[in-house]
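Structure first, commentary second.
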Amino acid sequence: ADETRADEFSKRLGKTAGVRVTIIRADGRVIGDTDNQPAQMENHLERPEVQDALTQGSGTAKRYSTTEHVEFMYHALRIPQEGGETPLGFLRISMPLRSVQAAIADLQHKVLIAALVALLLAAAASLLVSHRIGARLTQMKKGALRFAGGELAFRLPVSQVEEFGGLADALNEMAAQLSGLLEQVTRQRNELDSVLEAMAEGVLAVSSDYEIMFLNDTAAGMLGTNALHALGKDISDVVRIPELLRLTQRALESYENESAEVILRSEGGGERITACVTSRLQNLNGQLLGAIVVMRDVTRERKLEQVRSDFVANVSHELRTPITAIKGFAESLLDGVADPEEAKRFLGIIVKNSDRLNSIIESLLALSRIEV
């Protein structure tokens, strides 16, 4: 009702808030304005923002102000009247669009700066985290390489981070298990090597590619080579014995074990009779890995067998002579001999050959006792 107070209120409030405040009566007449005299202002009832406030309670509009000759942003609110549907009027606040744009630009600038700062902080944090993660991964990689290189006694430091700590524990446990398995395999291999080296038989192991995998000293001596020098070489470059090469080839190409006697000749011209037995090497899946040739020197046995054979032949001949004589003279006596002196001579010959036969038997018994 007091238009003078309304105008003063508009000017005071507008300066305090830094905006243009306009108070409008319900009929559209302006009774207060921050920047202008209300009496000089035209009716505002038809303004879009006022119409929206009349129907909806509030309204916003953007347009060129004929009063200020500047593009403004307007926002109007309806002032209700107690006990009536017709409002008392409208309160409108406006400000130049350039100020709004400047405020928006300022806000955008601040948001951009804040975003850049946040991005830099995030980048720095990411670099720090990635550096720490990279350092831990590098440490894990170096530890894994040391494990792969055989340094199974090395242990990775356990990180406080759960994921890296779990990985370090797993790698350390793996290294411990590998170390135990390696010690077990090494112990078993050393035991096997000791057994093979202590064997009187020669042992030759050849891969499926005909490369020598193992050769004990006994076999090396039989083949006239050096065990360490022969490892990894093709068998044909080390073994110059066709029969042994063919035996090895058949072992790799067939599924049956074979045995044969091979004569080994030394550079000095001596011969050695060797009994060779071949066996295929296969994994659990039946895949061929190679072959093993076990060589046993049977030269002495064969010589003893020959001596025994010659001895039996000689003994048979020696036994046959006195037996034949005894039988012949005994038959003559049975046929009848007229001359007593002749009969006595025949009996003497029989006794002599009997003594000879007894002597041979005694020699055989003595030889048998010596062998036992």
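Owing to the predicted nature of the structure, the values given are computational and were not obtained by experimental measurement.
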Any donor-acceptor N/O pair, [X] side chain to [Y] backbone, under 3.5 Å:
X	Y	answer
Thr55	Gln51	yes
Ser126	Ala122	yes
Ser179	Ala176	no

If you define the side chain from C-beta out and look only at heavy atoms, does anything of [X] sit under 4.5 Å from [Y]?
X	Y	value
Glu261	Val298	yes
Thr299	Lys303	yes
Asp27	Leu45	no
His44	Arg92	yes
Asp52	Thr60	no
Ile273	Val262	no
Ile24	Ile31	no
Glu3	Asp7	no

Which atoms form the tightest heavy-atom contact between [X] and [Y], and what is the distance?
X	Y	value
Ala53	Leu77	CB-C, 4.2 Å
Gly202	Thr218	N-CG2, 3.7 Å
Asn226	Ala220	C-CB, 4.4 Å
Leu288	Gly290	CD1-O, 3.4 Å
Ile350	Phe329	CG1-CB, 3.7 Å
Thr34	Ser10	OG1-O, 2.7 Å

Counting only pairs under 3.5 Å, give me each side-chain donor-acceptor contact of residues 141-149, with atom names and distances, residues two or more places apart or in other chains.
from	atom 1	to	atom 2	distance (Å)
Arg146	NE	Glu151	OE1	2.9
Arg146	NH2	Glu151	OE1	2.7

Task: Qualifying residues under salt bridge (charged side-chain N to carboxylate O under 4.0 Å, His left out), relative to Glu183, sequence neighbours excluded - done: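 Salt bridge (charged side-chain N to carboxylate O under 4.0 Å, His left out) check on Glu183 returns nothing, list empty.
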Task: For Gln287, side-chain hydrogen bond (donor to acceptor under 3.5 Å, both in side chains) partners two or more places apart - done: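 Partners of Gln287 by the side-chain hydrogen bond (donor to acceptor under 3.5 Å, both in side chains) criterion, ordered by chain and then number, come out as Asn283.
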Task: Between Asp297 and Thr274, a side-chain donor and acceptor under 3.5 Å - done: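 Side-chain D/A pair, Asp297 to Thr274: absent.
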Open item on the list: Side chains of Asp234 and Ser236 only: does a donor on one sit below 3.5 Å from an acceptor on the other?
Closed with: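 On atom types as modelled, these side chains qualify, holding a pair under 3.5 Å.
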Quick check for you: to the nearest 0.5 Å, what is the distance between [X] atom [atom1] and [Y] atom [atom2]?
X	Y	atom1	atom2	result
Ser94	His75	OG	NE2	11.5 Å
Leu112	Leu119	CG	CG	10.0 Å
Met213	Ile235	CE	CD1	10.5 Å
Lys352	Arg356	NZ	CZ	9.0 Å
Glu253	Arg280	CD	CZ	9.5 Å
Ile241	Leu223	CD1	CG	5.5 Å

- [ ] List in chain and number order the residues that pass ring-ring contact (aromatic ring centres under 6.0 Å, His included) with Tyr74, two or more places apart in sequence or in another chain; answer none if no residue qualifies.
- [x]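 With sequence neighbours excluded, Tyr74 shows a ring-ring contact (aromatic ring centres under 6.0 Å, His included) to Phe72, given in chain and number order.
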Open item on the list: Quick check on Arg5: does its CZ atom have over 12 non-hydrogen neighbours (other residues, nucleotides or ligands) under 6.0 Å away?
Closed with: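 No, CZ of Arg5 has 12 or fewer neighbouring heavy atoms, counting only those of other groups under 6.0 Å.
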TODO: Flag yes if more than 12 heavy atoms outside Tyr210 fall under 6.0 Å of its OH atom; otherwise flag no.
DONE: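 Above 12, so yes.
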Task: Steps toward side-chain contact (heavy atoms from CB on, under 4.5 Å) verdict (Val203, Leu215) - done: CA-CA 6 Å; Val203 180; Leu215 184 70; over 6 Å; no
Open item on the list: By the definition side chain to side chain donor-acceptor pair (under 3.5 Å), identify the one residue from Gln40, Arg20, Lys11 that meets it with Asp33.
Closed with: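 Answer after filtering Gln40, Arg20, Lys11: Arg20.
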Is there a path from [X] to [Y] through hydrophobic residues (I, L, V, M, F, W, Y) whose side chains come within less than 4.5 Å of each other?
X	Y	result
Leu252	Val239	yes
Leu13	Met73	yes
Ile323	Val351	no
Leu204	Leu247	no
Ile93	Ile104	yes

TODO: Evaluate the side-chain contact (heavy atoms from CB on, under 4.5 Å) criterion for residues Ile326 and Ser354: first the C-alpha distance (whole Å), next the side-chain angles of each, then the deciding distance (0.1 Å), finally the verdict.
DONE: CA-CA 7 Å; Ile326 292 173; Ser354 297; 3.5 Å; yes
TODO: Might you work through the side-chain contact (heavy atoms from CB on, under 4.5 Å) test for Val21 and Leu91, ending with a clear yes or no?
DONE: CA-CA 7 Å; Val21 179; Leu91 174 64; 3.6 Å; yes
Open item on the list: List the residues meeting side chain to side chain contact (heavy atoms under 4.5 Å, CB included) with Met95, not counting sequence neighbours, and say none if there are none.
Closed with: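 By the side chain to side chain contact (heavy atoms under 4.5 Å, CB included) rule, Met95 matches Val19, Ser99, Val100.
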- [ ] Start with the C-alpha distance between Arg272 and Met222, add both sets of side-chain angles, then the distance that settles side-chain contact (heavy atoms from CB on, under 4.5 Å), and finish with yes or no.
- [x] CA-CA 8 Å; Arg272 179 182 295 179; Met222 291 180 177; 3.4 Å; yes
Open item on the list: Between Lys233 and Glu211, does any NZ, NE, NH1 or NH2 come within less than 4.0 Å of an OD or OE carboxylate oxygen?
Closed with: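 No.
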TODO: Using a strict cut-off of less than 4.0 Å between a Lys/Arg side-chain nitrogen and an Asp/Glu carboxylate oxygen, indicate whether Glu301 and Arg296 qualify as a salt bridge.
DONE: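 Salt bridge flag = yes for Arg296 with Glu301.
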Less than 3.5 Å apart, which donor and acceptor atoms pair up between the side chains of residues 166-175 and the rest of the protein, not counting sequence neighbours?
from	atom 1	to	atom 2	distance (Å)
Asn172	OD1	Leu156	N	2.8
Asn172	ND2	Leu156	O	3.0
Asn172	ND2	Ala168	O	3.2
Glu173	OE2	Gln177	NE2	3.2

